[in-house]
Trainee: 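The following block contains the structure, expressed as structure tokens.
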2 protein chains.
Amino acid sequence: MAKAKAAAERREDALSHDRIVEAAIELLDAEGETGLTFRALAERLATGAGAIYWHVANKGELLAAASDAIIGRAMAGVATHASPQKTIRGIALGVFDALDAHPWAGALLSRGPWQTGMLQVLERIGRQLQALGVPERAQFTAASTLVSYIFGESDQNATNGSSHSRTASRDEFLGVLAARWEALDAREFPFLRSIAPRLRHHDDRAEFLAGVDIILAGLAASPRKPRSH
Amino acid sequence: MAKAKAAAERREDALSHDRIVEAAIELLDAEGETGLTFRALAERLATGAGAIYWHVANKGELLAAASDAIIGRAMAGVATHASPQKTIRGIALGVFDALDAHPWAGALLSRGPWQTGMLQVLERIGRQLQALGVPERAQFTAASTLVSYIFGESDQNATNGSSHSRTASRDEFLGVLAARWEALDAREFPFLRSIAPRLRHHDDRAEFLAGVDIILAGLAASPRKPRSH
DNA sequence: ACCTGAACACCGTTCAAGT
DNA sequence: ACCTGAACACCGTTCAAGT
């Protein structure tokens with residue numbers, strides 16, 4: 001029985017949860033969120049649409065599994081032997097780049113309570129905070145603040161990014177955005193108008209990392225922590 | 001002509017962008033995201049499904065307008081005469097409570113680049129940062145860090161909250177979550193296991209505000225301008 | 001146990017036709 | 001200008017029937 005199953009899984013045309021998720025990711029990357037269809041997926045897997053439901057509960061679960069896989073891969077590639085601060089920046093950049101490359105995975109946020117992908121990030125961040133000497137009762141708040149920021153900003157960046165063609169004029173996009181902000185009502189939006197010019201030479205990744213650093217600085221400043229380093 | 005239009009708008013059965021958005025919000029609040037249908041909307045407005053398309057481009061625009069309206073109302077109710085820090089907390093809580101009451105509005109994040117709702121929040125936060133004396137070249141980074149955190153955490157909280165019935169056992173939900181974390185693999189998730197007990201007496205709003213304070217502390221601690229490159 | 005594919009119950013969106 | 005509602009081109013999901 002176990003032997004039969006193992007043999008079936010070795011056949012390259014056999015369905016499996018993993019193979020379905022894999023195909024879903026390819027479809028999502030190639031055609032965007034609207035490209036993921038049970039019919040399209042079935043065709044790609046050379047099977048019937050209903051067959052997929054034997055391995056996967058529904059579309060929501062499939063999307064969640066795909067998003068988790070993306071985050072999981074990103075976390076697997078994170079260097080973890082540098083200083084805690086540097087490792088945290090690495091984790092953050094891992095999420096940022098993963099969502100940038102797979103913008104559809106940002107929906108991960110709105111899926112059920114505490115998806116596995118986010119739990120992985122939370123775990124890794126938490127460990128670094130411990131290494132950093134953040135007191136125990138502040139660890140959860142600190143970790144969850146970082147995680148919320150990381151996913152929030154990464155998702156925002158990804159959906160902005162996917163609206164203009166990848167290689168092409170990112171600068172043009174920022175220029176249009178800056179012009180729009182400059183055209184806002186002066187009485188209602190003085191702040192946005194004042195910073196609009198800055199939008200034109202704007203480095204997403206650097207800006208994102210600066211935000212991480214602000215939070216890290218806040219952690220170092222607010223509670224007392226053991227003077228190590 | 002203008003007179004005829006004004007008269008038509010005064011008729012209570014006349015369609016208009018605002019009335020459509022209003023009905024959409026009611027539908028979304030009552031039945032959740034899946035409740036918003038052009039057919040259901042048409043029935044509620046006592047008209048044909050296609051009529052709505054005269055006033056609204058498509059479902060995406062409608063959802064975006066509804067989300068923006070929710071944020072707009074929340075911002076209108078924010079007290080603005082306290083200290084900058086207190087005002088920022090007020091703005092943050094406004095978003096938090098708005099998304100908690102209307103969880104479907106969290107999708108706002110994933111909609112097009114810089115929705116009006118988020119721009120309003122960014123503007124208000126930015127002004128307070130100016131009042132706080134944050135140097136000009138650090139203002140955008142600071143404001144956008146706060147906004148990303150605020151929407152990220154609020155959305156996360158809202159989708160978690162809507163999974164358990166409102167009035168009923170929130171504690172039960174947290175208990176189940178804590179138990180699940182405690183059951184995680186010890187080698188793979190030591191951090192999550194260690195903080196799981198803390199989940200049981202967890203105050204979402206207090207935790208959320210603590211995150212805001214961490215960021216504010218970080219801004220106060222590193223008044224030096226972030227390197228650009 | 002696993003797969004097939006037709007069928008069901010929906011959707012968003014369009015558009016000729018009305019007023 | 002604005003509204004109607006039938007029609008089109010899809011969906012996710014189910015399920016009797018197959019192997």
Side-chain angles (χ1 to χ4, degrees), chain A residues 1-25 27-28 30-67 104 107 110-112, chain B residues 1-25 27-28 30-67 104 107 110-112:
Chain A
M1 202 97 97
K3 199 184 293 181
K5 196 188 174 194
E9 274 169 2
R10 221 171 293 119
R11 292 184 54 207
E12 65 174 33
D13 60 338
L15 272 183
S16 71
H17 187 91
D18 284 356
R19 248 173 62 79
I20 292 171
V21 171
E22 182 61 32
I25 291 175
L27 218 41
L28 285 161
E31 324 226 3
E33 303 200 47
T34 58
L36 181 60
T37 298
F38 275 81
R39 277 164 244 262
L41 202 53
E43 192 184 15
R44 196 181 197 92
L45 292 165
T47 181
I52 298 168
Y53 279 89
W54 185 262
H55 303 273
V56 159
N58 52 42
K59 192 175 182 178
E61 197 219 87
L62 181 54
L63 212 62
S67 300
W104 48 265
S110 343
R111 286 288 148 202
Chain B
M1 205 94 98
K3 198 184 293 181
K5 196 189 173 192
E9 274 169 3
R10 221 172 293 116
R11 291 184 56 205
E12 64 175 34
D13 60 337
L15 273 183
S16 71
H17 187 91
D18 285 357
R19 247 172 65 77
I20 291 171
V21 171
E22 182 62 31
I25 290 175
L27 218 42
L28 285 162
E31 325 227 3
E33 301 199 48
T34 58
L36 181 61
T37 298
F38 275 81
R39 276 165 245 261
L41 202 54
E43 191 183 18
R44 196 182 196 92
L45 291 166
T47 182
I52 299 168
Y53 279 90
W54 184 262
H55 303 273
V56 159
N58 53 41
K59 192 175 183 179
E61 196 220 87
L62 181 54
L63 213 63
S67 300
W104 48 266
S110 342
R111 285 287 149 203

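Within every chain, numbering begins at 1; the chains are lettered A, B, ... in the order of the sequence lines, protein sequences first and strands thereafter. Values in this document were obtained by computation on a predicted structure and should not be read as measured data. Atoms considered below: every heavy atom in the structure, side chains included; atoms not considered: hydrogens, waters and symmetry mates.
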Trainee: Figure out the CD1/P separation between A:Ile52 and C:dG5, and round it to whole Å.
Mentor: 13 Å
Trainee: How many angstroms lie between CD1 in A:Ile20 and CD1 in A:Ile25, if you round to the nearest 0.5 Å?
Mentor: 12.5 Å
Trainee: In dot-bracket, 5' to 3', how would DNA chain C read with Watson-Crick or G-U wobble pairs under 3.5 Å, [ ] for crossing ones and | for pairs to another strand?
Mentor: ||.|||||...|||||.||
Trainee: Is the distance from OP1 or OP2 of D:dA1 to the nearest side-chain N or O of B:His55 less than 4.0 Å?
Mentor: no
Trainee: Run the side chain to side chain contact (heavy atoms under 4.5 Å, CB included) check on B:Val56 and B:Val21 step by step: do they pass?
Mentor: CA-CA 9 Å; B:Val56 159; B:Val21 171; 5.5 Å; no
Trainee: Which atoms form the tightest heavy-atom contact between B:Trp104 and B:Ala66, and what is the distance?
Mentor: CZ3-CB, 3.8 Å
Trainee: Do other residues, nucleotides or ligands put more than 12 heavy atoms under 6.0 Å from A:Glu61 CD?
Mentor: yes
Trainee: Tabulate atom names and distances for all N/O pairs under 3.5 angstrom spanning the protein and nucleotides 17-19 of chain C.
Mentor:
none

Trainee: Check this one for me: any side-chain N or O of A:Trp54 less than 4.0 Å away from OP1 or OP2 of C:dC3?
Mentor: no
Trainee: Please encode protein proximity along nucleotides 6-13 of chain C as a string of B, S and -, counting only heavy-atom distances under 4.0 Å.
Mentor: -B---BBB
Trainee: Under 3.5 Å, side chain of B:Lys59 to main-chain N/O of B:Leu36, donor-acceptor pair present?
Mentor: yes
Trainee: Say you draw a straight line from NE2 of B:His55 to CG of B:Leu62; how long is it, rounded to the nearest 0.5 Å?
Mentor: 12.0 Å
Trainee: Atom CD1 of A:Ile52 and atom CZ of A:Arg39: how far apart are they, to the nearest 0.5 Å?
Mentor: 10.5 Å
Trainee: If you take all heavy atoms of A:Leu27 and A:Gly35, which pair is closest and at what distance?
Mentor: CG-O, 3.6 Å
Trainee: If I compare all heavy atoms of A:Ala65 with all of A:His17, which pair ends up nearest, and what's the gap?
Mentor: CB-NE2, 4.1 Å
Trainee: If you compare all heavy atoms of A:Leu15 against all heavy atoms of A:Arg19, which two are closest, and at what distance to 0.1 Å?
Mentor: CA-NE, 4.4 Å
